[in-house]
Amino acid sequence: MNVLVVPIALLVAVALYDALRRPMLRRLAFRNANRRRGEAVLVLIGSLLGTAIIVASLLTGTSLKASIRDFARTQLGPVDETVHVSGTSSLADVAGAVAGTTPIAGTDGGPLTMVHSPATAWRAARGGRAAEADPKAEVSEVEYARARSFGGDPGATGFARAGDTPTGDQADVLRPLADDLRLKPGDRFDLLLYGTRRTFTVRQVLGQIGLAGYYTGRGTGSQSVWVAPGTIDAMASAGTNAAATPPDGLVLVSNTGGVFAGAARSAPVVDELRRRVAGIAGADVRPLKHDLLRDADLAGKSFSQLFTSLGMFSVLAGVLLLVNIFVMLAEERKKELGMLRALGMRRAHLVRAFGLEGTMYAIGSAVLGGLAGIGLGRAIIVVASSLFKQGGRRFGGLDLRFAAPGRSVVAGALAGLAISLVTVWLASVRIGRLNVIRAIRDLPEPPATTRQHTRSLILGAAGVLIGALMFASGVSTEAWFPAMVGPPVALLSLAALLRRWLPRRPLVTSVCLLVLAWGVGCFSLIPAVFKGVDIAAFIVQGVLLVASAVVLVTLNDEVFMRLASRMSGSSRALAARLGLAYPLARRFRTGMTLAIYGLVIFVLTMIATFSTLFGKEGPRLTAETRSGYDLVLDTNPANPATPGELLRQPEVAAVSTLTHGFPQFTAPGHPDRDRWALSGFDETLVARGSAPKLSKRDPRFASDREVFLDVLRHPGGVVLPSFFLQHGGGPPTSRLSIGEHVSVFDANGRARDLTVLGVVEEDMAFNGALVGKPLAGDVLGPQAVGDRAYVAVKPAVDPDTAARQLTARLVEKGGDATSFAKLVNDNLHEQQGFFRLMQGYLALGLVVGVAGLGVIMVRAVRERRRQIGMLRAMGFSAGVVRAAFLFESTFVALQGIVVGVVLALVVSYQLLVNSKTFGSQSLGFSVPWLPLLTLVGTALVFSLLSTLAPATQASRVKPAVALRVAD
Amino acid sequence: MTSLVAEAWPRPEPDAGGDPILVASGVRKTYRTGTVAVEALRGIDLTIRRGEFLAVMGPSGNGKTTMLNCLSGLDDIDDGTVIVDGQDIHALSDKRRTEHRARRMGFIFQSFNLIPVFTAEENVELPLLLIGAPAREARRRARAILDRVGLADRHHHRPTELSGGEQQRVAVARALVSEPAIVWGDEPTGNLDSSNAAEMLDLIEEVHRAGQTLVVVTHDATIAARAERLVRVTDGQITADGRPADLLA
């Protein structure tokens with residue numbers, strides 16, 4: 001933001017100075033704006049949309065970040081770090097070690113001990129309601145009085161008004177769980193863990209604040225219960241499930257600085273904690289809040305980048321509209337500007353008069369765009385929130401809340417203001433270059449002078465050299481930007497170089513065709529450079545393609561005119577001729593409008609194509625994920641279902657259990673320890689003839705299955721997901737290579753070196769790193785329980801029905817079964833939802849395009865008033881005049897649409913079929929006819945609607961009035 | 001220079017002093033701006049004969065152009081009738097009147113009013129295309145008449161690439177190309193220098209000699225002097241109607 005302030009302040013200061021100290025410039029600017037109020041409004045709309053898009057992009061990221069950060073307030077409160085031990089036997093030792101003889105610098109008071117376990121909460125049928133259960137509940141114990149004083153701010157703990165610690169069968173239930181199970185004080189419910197069941201009475205319902213809201217499961221709502229200390233241990237001791245993981249013993253540490261700022265002190269505190277508990281086996285220090293806030297930042301940034309990057313197409317469309325409008329304003333005022341110059345106005349003053357007028361629009365659009373951006377951002381969050389609630393892999397269950405901090409709004413508005421100001425001032429400089437005589441007499445531009453030729457030669461030669469160097473350096477360093485942009489720069493410069501000797505049209509046409517070919521094929525021609533590129537690469541590619549296609553089309557549009565001139569004199573043919581003549585004669589404004597349409601339709605078509613193709617990937621992804629099984633079943637690690645129990649279920653034919661946990665990893669390019677899922681598997685996972693599909697595998701192996709078997713035979717191997725250690729959204733950014741080494745750390749901090757033997761493209765079940773069960777057991781320790789199972793159902797049993805039945809029957813085990821097909825489809829559904837959200841968001845660009853076309857047509861009616869009068873005098877009917885205007889707008893819009901659609905389809909085909917940009921799996925390609933027809937139809941209809949009013953206005957021009965001169 | 005129109009494509013010899021081509025009776029026109037009403041034409045009665053060259057003169061703001069607009073059907077009238085070739089043009093719908101204009105009238109204005117995005121020949125062929133002439137035929141005839149007005153080397157030039165005199169020649173060619181019954185001129189030399197104005201006047205006279213009915217509104221006495229008949233309009237009424245030699249004396 002600070003970077004923008006200085007140039008903005010400078011440009012605004014110049015305008016302000018002129019407004020205050022130069023009355024003539026002020027009069028020119030203000031009165032011109034006032035004279036054409038309608039157009040002033042359209043200018044504002046065009047530029048405010050760009051600002052609104054930027055502001056909305058920032059707010060979507062800010063909202064996601066704020067929503068995730070809010071977990072710090074609602075689920076952690078004063079807790080910054082935890083020291084975990086499995087079981088409670090060493091908890092006192094850990095607490096003693098953490099407390100030490102002196103407090104740890106940067107911490108706030110002494111540590112707090114707590115016991116925690118996953119559980120199933122169950123409420124019996126009553127009052128006509130069936131029994132209800134929550135398999136993802138968690139139960140915890142803490143001394144309330146100590147918890148209240150923990151961290152120094154009782155209000156932040158959630159226990160300020162919670163009273164005494166529960167005793168006996170009393171339980172304090174968190175609001176989300178109470179709501180789900182319809183529990184109120186006095187109600188009785190059961191908790192099931194370690195194979196035991198115990199009935200509790202709700203003493204009170206606690207709000208989800210701070211430590212009281214502690215919850216490790218997915219989603220915003222804490223499904224938590226607080227019970228009397230010793231309850232969990234007692235249930236675990238009485239438990240009958242030998243496979244269960246012991247309860248978590250936790251020592252909580254709070255840093256100074258409050259709920260959010262305290263996390264900044266985590267690093268030294270974690271180091272000291274690790275030092276103090278080093279001698280205690282299995283004590284695992286976790287900087288919970290630091291990691292949470294980091295994830296929030298990453299996710300928010302990634303979300304903002306996604307929206308800002310894709311929104312850039314619409315922002316560019318807004319910029320082009322602004323330039324177009326300013327150039328049109330200049331054309332309309334050409335004679336008066338020429339007269340002003342003739343009367344002695346300096347060129348700089350002409351520029352500043354325009355700059356002042358533009359600055360007014362820019363400031364107005366920044367303010368209005370900021371406000372519109374808040375509304376747009378809220379709309380996006382409302383839609384995204386419903387997607388999140390549906391529960392996909394990435395953000396499932398997150399309660400996304402809209403946040404519009406002033407800083408984000410101001411930053412977005414300033415970015416929009418900067419873009420508008422730079423655009424209007426550059427356009428003003430271009431306008432200021434007019435020749436007095438040519439402006440007054442409305443003469444065409446003369447051919448280039450020798451000096452201009454010489455300048456073209458020098459710049460052309462320099463450009464060719466720069467382009468070649470960019471390409472060479474891009475290829476050698478695998479940097480996509482110079483590699484992609486270098487050849488077009490060189491080719492365009494070559495055109496400037498050769499322009500003196502070769503005819504313009506064939507020369508430029510050839511260059512445009514070559515740039516188009518390069519833009520389409522670059523991903524396939526040098527795949528190493530474009531491997532794993534971010535969205536910015538596609539934006540640059542889109543801009544290059546659309547720009548060259550627009551130049552190509554506008555340069556060769558005469559072919560349409562030649563065709564039209566051969567048509568006979570029907571009124572339709574005359575309308576077509578008139579409608580074609582103006583866009584062909586005004587190449588700049590036609591080209592700008594084409595570019596606006598082309599850019600927006602390009603990205604919308606790309607998204608529609610990808611959305612359709614990915615949407616059809618369900619069956620393939622299911623087959624590649626399920627490894628011959630039908631559903632995945634998670635049970636409570638404190639009371640897991642054993643393979644024997646599962647095989648006794650009537651629907652079940654085969655089972656493969658996985659141990660599942662979240663140890664710390666380091667990887668190439670990721671030197672800091674970071675937690676990620678790890679699953680231990682055995683030979684049963686690949687016993688049904690297939691294995692999870694790998695996008696990459698060690699070439700020593702002939703099949704994916706062999707990779708998994710080798711991981712089992714040699715414990716040093718690992719199969720990783722393509723999203724490994726990636727906390728933000730978007731496509732995979734890590735470039736995992738076969739043979740690379742990652743380290744995994746057990747609870748005692750001991751590292752194990754693992755070699756990457758394969759990469760799973762789609763880790764739909766979020767298994768994380770896949771290793772053999774023995775290694776998982778070593779790493780996870782007592783936490784390594786088989787609480788996840790791949791289940792194959794018997795023939796003729798529907799997997800979805802079986803999943804529902806198993807979930808219901810295994811409620812005491814916390815059973816939660818989902819068929820692989822549903823798992824994949826839920827994720828695809830979330831993905832499709834995001835595609836739709838992006839389409840809706842980017843359709844704003846279409847508003848820019850339609851508004852731009854409307855502006856052009858409104859101005860066209862004004863500019864051509866006398867000509868329309870003459871046509872009407874000659875006998876052109878009102879209908880032909882109206883049809884000519886409609887034809888003109890349709891012609892421009894249709895050309896832009898065709899440019900966008902064709903380019904997007906060609907690029908999509910190339911990316912999906914002939915490149916590895918979206919993974920090694922080549923996707924089939926088909927044209928998404930229905931979405932495309934809807935898109936094209938919508939764009940055309942709105943374009944026509946935007947022209948209907950000016951076209952009708954033109955048809956109503958009275959010839960006598962339009963042609964009148966004083967007699 | 002031989003007869004321009006007859007040379008471009010044959011047409012019957014005009015019936016000098018022949019039958020009326022336009023008969024206007026009691027034409028009234030009032031302009032209203034808010035509560036202010038200005039009576040621009042106050043009962044115009046005028047008959048124009050086929051092949052006649054009529055000049056209309058009068059002080060500025062006295063209704064000359066309004067009369068041209070109302071008699072040609074470019075503007076509506078409040079009262080009276082205008083019969084052109086037996087057809088009451090103000091009784092026609094806007095669409096029919098427009099069609100009538102396309103087939104029966106041509107216009108030349110002071111500021112040329114060429115379509116800037118069309119070349120000279122494209123401008124000239126427009127009226128022909130409008131009445132349904134085949135594209136090839138329209139182009140041929142446009143070129144022929146452009147040649148006749150001395151613009152043989154300017155067919156493919158756009159208006160901005162032509163001088164004022166050349167632009168007005170294109171406008172004349174456009175007005176004549178569809179062989180209209182009447183050509184209306186509103187200050188056709190108003191934007192031209194004296195040399196170009198003189199050439200334009202020669203051209204107009206030549207066109208008239210070929211049998212074309214011409215009605216020209218002008219301030220220029222030299223144009224009026226070369227007309228067959230002169231009408232003076234003052235305060236929205238015809239105050240004089242006779243031979244130019246008599247009225248200009």
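Every chain is numbered from 1 and lettered A, B, ... according to where its sequence line falls, protein lines coming before strand lines.
- The candidate with the highest count of non-hydrogen atom pairs below 4.5 Å against chain A, out of B:Pro116, B:Ala138, B:Ser72, B:Gly106, is B:Pro116.
- In this structure, no portion of A:Leu584 lies under 4.5 Å from any heavy atom of chain B.
- Proximity to chain A is limited to the side chain of B:Arg139, based on heavy atoms less than 4.5 angstrom apart.
- In the model, B:Asp88 has no side-chain atom that pairs as donor or acceptor with a side-chain atom of B:Thr81 under 3.5 Å.
- Qualifying salt bridge (Lys or Arg N to Asp or Glu O under 4.0 Å) partners for B:Glu122, counting only residues two or more places apart in sequence or in other chains: none.
- For the pair B:Arg174 and B:Glu121, the salt-bridge criterion is not met [side-chain N within less than 4.0 Å of a carboxylate O].
- Neither the backbone nor the side chain of B:Arg103 comes within contact range of chain A; no heavy atom of the residue lies under 4.5 Å from a heavy atom of that chain.
- The salt bridge (Lys or Arg N to Asp or Glu O under 4.0 Å) search around A:Glu888 returns A:Arg864, not counting sequence neighbours.
- Ranked by heavy-atom pairs under 4.5 Å with chain A, the first of B:Leu68, B:Asp76, B:Asp75 is B:Asp75.
- Contact of B:Glu137 with chain A is not made at all, since no heavy-atom distance falls under 4.5 Å.
- Using a 3.5 Å distance cut-off with no hydrogens or angles, the side chains of B:Thr218 and B:Asp220 do not pair a donor with an acceptor.
- B:Phe109 touches chain A through its side chain: at least one heavy atom from C-beta onward sits under 4.5 Å away, while N, CA, C and O do not.
- Most heavy-atom pairs under 4.5 Å with chain A: of the set B:Ile115, B:Asn113, B:Asn69, this distinction falls to B:Asn113.
- If you check the side chains of B:Asp186 and B:Gln110, you find no donor sitting under 3.5 Å from an acceptor.
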